[in-house]
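Okay, so here's the structure we're looking at.
All ligand and atom numbering here is 1-based and tracks the order in the structure.
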Amino acid sequence: MTCSLVPSFLGSSIDDDREFTMGDYEGAVARWCTGCGDHAIYTAVKRLLEAEQLPPEQTVFVSGIGCSSRFPHYFTTYGFHSLHGRALPTATGIKLRRPDLHVFVATGDGDCCSIGAGHWVHATRYNPNMVVLMLDNGVYGLTKNQTSPTSPLGFPSNTQPSGAVLNPLNPLTGTLGISNVSFVAQTADWIPDHLYETISAGFHHKGFAFIRILQRCPQYTSKIFEEAVRDPSQTELLVHPDGIKIDNIKDLYKKHLYHDPSSLVEAHRMAADPARLLLGLYYRNESMPVLEEVRDVPRRSVEEKIDLLNTELDRYAV
Ligand code: SF4
């Protein structure tokens with residue numbers, strides 16, 4: 001587990017008149033493959049950071065393991081590249097101790113829906129205030145092409161060369177079925193304005209904003225979104241005054257479906273339909289209790305924390 005990402009602002013005094021550009025948030029050079037959808041998602045997140053003028057020292061990116069989990073390295077904010085499947089409990093701990101921080105989680109279909117599935121269920125139920133970007137490319141890409149929980153039926157991989165034998169897990173219905181769910185949306189890496197507006201809506205939601213991002217992996221799953229990318233008529237946009245803004249894309253993506261995101265039953269019904277590609281806000285409920293507001297975590301000074309740590313370490317003195 002690494003927490004070694006050193007923000008560039010450390011060691012310098014903080015000027016309250018700072019103005020941040022997208023470039024100010026750029027950390028290491030992104031090492032994803034050429035054409036990988038992660039690049040577009042990275043750009044959309046940088047747009048949001050600039051638009052909201054989030055101070056780097058007040059912002060944290062947390063990840064597990066996978067291609068998407070390289071996110072924290074590419075920002076000048078704080079970052080925590082944790083263990084496989086453990087991004088959500090790590091982020092929840094950060095939020096409990098420091099509710100003032102802006103917390104973003106980058107996780108993948110394997111990281112979130114397989115090894116991290118238990119944490120996915122409970123983090124949704126805990127409802128901490130954070131944005132969860134679930135980058136779904138339908139494959140384990142970092143480890144070079146194994147079947148993931150969301151691989152399409154029949155998709156051949158190194159672990160199932162004759163094709164995936166089970167229907168894929170549905171991250172939308174899965175999240176919508178968990179108690180206290182408060183925000184579920186779906187977007188795609190190849191529609192930059194929709195991607196940005198969805199992440200922005202998640203950021204402004206008070207609670208656990210779960211955003212499934214359909215993400216192209218040209219290396220291993222180049223076919224699964226190919227037709228949708230080429231033909232906008234295959235995509236339907238969920239529209240509602242309380243939903244995702246579509247002003248810049250409504251002429252290209254002409255199929256619109258009116259959906260009230262306060263209806264959990266309707267959200268379930270739409271998310272369960274495998275024949276339709278529906279992008280937008282499925283569900284939002286801001287009345288759900290937020291973890292860091294209902295859990296009474298004592299606030300301690302730095303000196304108190306050091307004292308407690310020393311007391312704990314003294315227990316192991318020999
Ligand atoms: Fe992106 Fe796939 Fe390459 Fe990973 S393997 S960086 S998901 S294109």
Next item on the list: Test side chain to side chain donor-acceptor pair (under 3.5 Å) on S157 and T147 and set out the steps.
Entry: CA-CA 6 Å; S157 73; T147 303; 2.6 Å; yes
Sequence neighbours left out, cut at 3.5 Å: what donor-acceptor pairs do the side chains of residues 26-36 make with other protein atoms?
from : atom 1 : to  : atom 2 : distance (Å)
E26  : OE2    : K46 : NZ     : 2.8
W32  : NE1    : D38 : OD2    : 3.1
W32  : NE1    : C67 : O      : 2.8

Check: For the side chain to side chain contact (heavy atoms under 4.5 Å, CB included) test, which of L135, V105, N137, L133 pairs with S68?
Finding: L135
Next item on the list: List for me each residue that meets salt bridge (Lys or Arg N to Asp or Glu O under 4.0 Å) alongside D251, sequence neighbours excluded, and say none if there are none.
Entry: none
Note to self: Taking salt bridge (Lys or Arg N to Asp or Glu O under 4.0 Å) as the definition, give me every residue that meets it alongside R284, ordered by chain and number, with sequence neighbours left out.
What the structure shows: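 Expected list: none.
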Check: For the residue pair F203 and H102, does the interplanar ring angle fall in the parallel (under 30°), tilted (30 to 60°) or perpendicular (over 60°) class?
Finding: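 F203 vs H102 ring planes: tilted.
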Check: Any idea how H205 and F183 line up, ring-wise: parallel (<30°), tilted (30 to 60°), or perpendicular (>60°)?
Finding: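 H205 and F183: tilted rings.
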Checklist line | Mode of K144 contact toward ligand 1 - side chain, backbone, both, neither (heavy atoms, under 4.0 Å) | finding: neither
Margin query: Less than 2.8 Å away from atom 2 (Fe) of ligand 1, how many protein N/O/S atoms can be counted, ignoring water?
Written below: 1
Next item on the list: State the atoms of ligand 1, each with its element, that fall below the 4.0 Å cut-off from a heavy-atom position in Q215.
Entry: 7 (S)
